[in-house]
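Only one structure is covered here, and it is reproduced in the block below.
This is a predicted model, so every value here is computed, not measured.
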Amino acid sequence: MGQMKINVDCGLSDTNGVGAAAAVCRDHNGLYMGSSALVVPGITDPAVLEAIACREALALAEDLSLQSFMVACDCKPVV
């Protein structure tokens, strides 16, 4: 109760060497609170992009002035 959850993920383009990282924040009821996305030309390593997505999550938490939150990431090497 009162804690926010920020899910992060990344995506890759096989054809032009561009990666993307995103973070989406929801409250304990699943209500959308905000999101952030970043396109990163030249980076195609999934673990690096997941780490960038985690950094985006921290920036999003700061932008939303969150006091209590968790970041969910599905990339074991980053976690």
Side-chain angles (χ1 to χ4, degrees):
M1 191 79 161
Q3 187 173 30
M4 306 295 177
K5 181 178 179 184
I6 303 175
N7 290 298
V8 298
D9 210 350
C10 70
L12 303 168
S13 171
D14 291 334
T15 58
N16 61 6
V18 174
V24 178
C25 181
R26 296 187 181 273
D27 71 5
H28 65 278
N29 291 318
L31 182 66
Y32 174 81
M33 301 302 291
S35 59
S36 177
L38 184 64
V39 176
V40 189
I43 298 181
T44 56
D45 182 340
V48 170
L49 287 168
E50 286 280 349
I52 291 170
C54 289
R55 187 184 67 192
E56 276 301 297
L58 297 177
L60 178 60
E62 184 176 11
D63 289 347
L64 296 173
S65 299
L66 301 182
Q67 298 296 315
S68 179
F69 66 95
M70 71 173 89
V71 177
C73 176
D74 62 357
C75 184
K76 189 175 181 178
V78 172
V79 174

Considering all heavy atoms, the nearest [X]-[Y] contact:
X	Y	result
Ala47	Asp45	N-OD1, 3.0 Å
Ala53	Ala22	CB-O, 3.9 Å
Cys10	Leu49	CB-CB, 3.5 Å
Glu50	Asp9	OE2-OD1, 3.0 Å
Ala72	Asn7	CB-OD1, 3.3 Å
Cys25	Leu66	SG-CD1, 3.9 Å

- Item | Any side-chain heavy-atom pair of Leu12 and Pro46 under 4.5 Å |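 Yes, side chains in contact.
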- Query: Between Leu38 and Arg55, is any pair of side-chain heavy atoms under 4.5 Å apart?
  - Reply: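 Yes, side chains in contact.
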Co-membership, hydrophobic cluster, residues [X] and [Y], 4.5 Å side-chain:
X	Y	answer
Leu60	Met33	yes
Val48	Val18	no
Leu64	Phe69	yes

- Message: Just verifying a value: how many Å separate Met4 CE and Arg26 CZ, rounded to the nearest 0.5 Å?
- Response: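 Atom-to-atom, Met4:CE and Arg26:CZ are 12.0 Å apart.
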- Task: Measure the NZ-CE distance between Lys5 and Met70 for me, rounded to the nearest 0.5 Å.
- Result: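 Interatomic distance, Lys5 NZ to Met70 CE, rounded to 0.5 Å: 6.5 Å.
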- For the side chain of Asn29 and the backbone of Leu31, is there at least one donor-acceptor N/O pair under 3.5 Å apart?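 Checked: no pair found.
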- Message: So, using side chain to side chain contact (heavy atoms under 4.5 Å, CB included) as the criterion, who are the partners of Ala57 when residues are at least two apart?
- Response: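 In terms of side chain to side chain contact (heavy atoms under 4.5 Å, CB included), with neighbours along the sequence ignored, Ala57 is linked to Ile6, Val8, Ala23, Val71.
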